[in-house]
Amino acid sequence: MSIATTDPRSGQVLKTYEAMSDAQVDEAIERTHLAYRDLRSTTIAQRGRWLTAAADLLEAERDEIARLMTTEMGKTLAASKAEVTKCASACRFYARHAAEFLADRPADASAVSATRAFVRYQPIGPVLAVMPWNFPLWQVVRFAAPALMAGNTGLLKHASNVPQTALTLESVFRRAGFPEGAFTALLVGSDAVDRILSDPRVRAATLTGSEPAGRSIAQIAGRELKKTVLELGGSDPFVVMPSADVDLAAEVATTARCQNNGQSCIAAKRFIVHTDVYEAFAEAFAHRMSALRVGDPMDDDTDVGPLASERGRDEVDAQVRDAVDRGATVLCGGEKPTGDGWFYPPTVVTDLRPDMRMWSEEVFGPVAGLYRVSSYDEAIEVANGTPYGLGSNAWTRDPQEQERFATDLDAGAVFVNGMTTSYPELPFGGVKNSGYGRELSAQGMHEFCNVKTVWVGEGAATAGAGAHAE
């Protein structure tokens, strides 16, 4: 198993790490278990001070951390800087709002024959996070910030191509003041996950990754009766109706498809356009996509950097080649470059059919599929005709259509006249094969809490009496 920093601009291996031994993993789990005992007994205010200090460190070291992320996985330097800033903001959000989110929730005591009744949110213990490389800091922070504020501790099994980012975040939380072992990066391969999640000291798991990885985690957790939250990617629809601002939709579509070099679970991937505006949108979209500059992600004028791995670039190219071989039309891009690095041009493919891989598979690169539809109902049929259901976009200025899209799109999020993104203030997650559970907002914090019912009586013979006994 290779755990290494490999520069996707050149394919050069820059730094390698030895995988941790079983004994080292056991020691790390024990440290995290002991840290949980300490952390759960601290006050929310104290955790908030530590998390705020982590935000301060992220902001102070933003440029250094951003260059590291770009070196490890190839996103543009500007995107990396924005990601670090977003992580700092999320830490501050949870530091500010944790007391509110974790406050006891009173219930109707008289309805349950009590003098007092309420719900209390308490931590459950060490949580294993299995995270991907595409947003190597944000994916982790959106789990870690609420988990640590709730009093849980974290074990991070990060993607093997971003080990330095994983270790950097561990250092940030440690230097911010969290107890030793409260957040630990495990430099291990995927084959170690079963053993780690099966350990009785580990109480739950969260994963962002592929559908097969999610099924594997869910199977282990099911066997061990442990809670999981799974975010497994998507093939998000971007629907454009006749009343839409077509030029603005095409502009946003370009960013929505090529953000993070096209390697985002919530990037728009299938562009479903009403026939009345299809030609205008297709022309504007292809023009904007072909104008994007592909190059060194460290350069300020680069729009799209390399894909994170040679294997990933080859898979994207194979999906495009499959569509072309079966009769699809390429409006721009579509040719794998020669030379160093794992680059791929922004590409628009149309005339897609169900027998093509692009019809049903997620394309994890700067490649857009363009679909023509003749009605609202057909747009919904195409949009929902995928195994995934993470995010979705609808472009219409018709209030009735806006309301219908909000109800009819089968996804964890619907963004109307705007690009799908994630905010600490809003829950994030999917349906169908995009997974289950939610991250972010109060709901993301509660996912790894013991939602405890507390019933207090007067001490008379009322407890357990009556028709409500189970």
Q | Donor + acceptor pair across side chains of Lys432, Thr386 (<3.5 Å) | A | no
Q. Got Tyr344 and Lys336 here, is their nearest side-chain heavy-atom distance under 4.5 Å?
A. yes
Q: For residues Thr71 and Met298, determine if any side-chain heavy atom of one lies less than 4.5 Å from a side-chain heavy atom of the other.
A: yes
Q. Are any side-chain N or O atoms of Ser171 and backbone N or O atoms of Leu167, one a donor and one an acceptor, separated by less than 3.5 Å?
A. no
Q.
Looking at Asp300, I'd like to know if its CG atom is crowded, meaning that more than 12 non-hydrogen atoms belonging to other residues, nucleotides or ligands lie closer than 6.0 Å.
A. no
Q | Chi angles and distances behind the side chain to side chain contact (heavy atoms under 4.5 Å, CB included) call for Asp245, Glu251 | A | CA-CA 10 Å; Asp245 181 332; Glu251 178 183 349; over 6 Å; no
Q. Got a sec, which residues hit ring pair (Phe, Tyr, Trp, His ring centres under 6.0 Å) with Phe183, two or more places apart in sequence or on another chain?
A. Phe173
Q) Taking the six-membered ring of Phe238 as reference, does the NZ or CZ atom of Arg257 fall below 6.0 Å from its centre and within a 45° cone about the axis? A) no
Q | Ring center gap for Trp395 and Phe405 short of 6.0 angstrom | A | no
Q. Is any NZ, NE, NH1 or NH2 atom of the basic residue among Arg311 and Glu315 found under 4.0 Å from an Asp or Glu carboxylate oxygen of the other?
A. no
Q.
Could you check whether atom CD of Glu425 has more than 12 heavy atoms from other residues, nucleotides or ligands sitting under 6.0 Å from it?
A. yes
Q | Validation row: Leu156, Glu170 side chains within 4.5 angstrom (heavy atoms) | A | no
Q: For Ile266 and Phe415, run side chain to side chain contact (heavy atoms under 4.5 Å, CB included): C-alpha distance rounded to whole Å, both residues' side-chain angles, the deciding distance at 0.1 Å, then the answer.
A: CA-CA 11 Å; Ile266 56 170; Phe415 280 66; over 6 Å; no
Q. Under 3.5 Å, is there a donor-acceptor pair linking the side chains of Thr329 and Thr350?
A. no
Q. Taking the six-membered ring of Tyr376 as reference, does the NZ or CZ atom of Arg404 fall below 6.0 Å from its centre and within a 45° cone about the axis?
A. yes
Q.
Other residues, nucleotides and ligands only: do more than 12 of their heavy atoms fall within 6.0 Å of CD on Gln24?
A. yes
Q. Between Asp322 and Arg326, is there a salt bridge with N-O shorter than 4.0 Å?
A. yes
(Q) Just verifying a value: how many Å separate Ser80 OG and Asn260 CG, rounded to the nearest 0.5 Å? (A) 8.0 Å
Q.
Are the side chains of Arg92 and Asp56 in contact, using a 4.5 Å heavy-atom criterion?
A. yes
Q.
Could you go through Leu409 and Ile380, starting from their C-alpha distance and side-chain angles, then the distance that decides it, and tell me whether this counts as side chain to side chain contact (heavy atoms under 4.5 Å, CB included)?
A. CA-CA 7 Å; Leu409 284 170; Ile380 289 294; 3.9 Å; yes
Q. Is any side-chain heavy atom of Asn161 less than 4.5 Å from a side-chain heavy atom of Thr6?
A. no
(Q) Would you call the rings of Phe271 and Phe285 parallel, tilted or perpendicular, taking 30° and 60° as the class edges? (A) tilted
Q.
Side chains of Asp296 and Thr302: any donor to acceptor distance under 3.5 Å?
A. no
Q. Heavy atoms, side chains only, cut-off 4.5 Å: are Pro126 and Thr153 in contact?
A. yes
**Q.** Salt-bridge present (Arg223, Asp194; N to O < 4.0 Å)
**A.** yes
**Q.** Salt-bridge contact Arg372-Glu279 (side-chain N to carboxylate O under 4.0 Å)
**A.** yes
Q. Is there side-chain contact between Pro163 and Glu72, with at least one heavy-atom pair below 4.5 Å?
A. yes
(Q) Just so I know, are the side chains of Tyr423 and Phe93 near enough to count as touching, which here means a heavy-atom distance under 4.5 Å? (A) no
Q) For Tyr278 and Val373, what are the C-alpha separation, side-chain angles and deciding distance, and is it a side chain to side chain contact (heavy atoms under 4.5 Å, CB included)? A) CA-CA 9 Å; Tyr278 180 89; Val373 295; over 6 Å; no
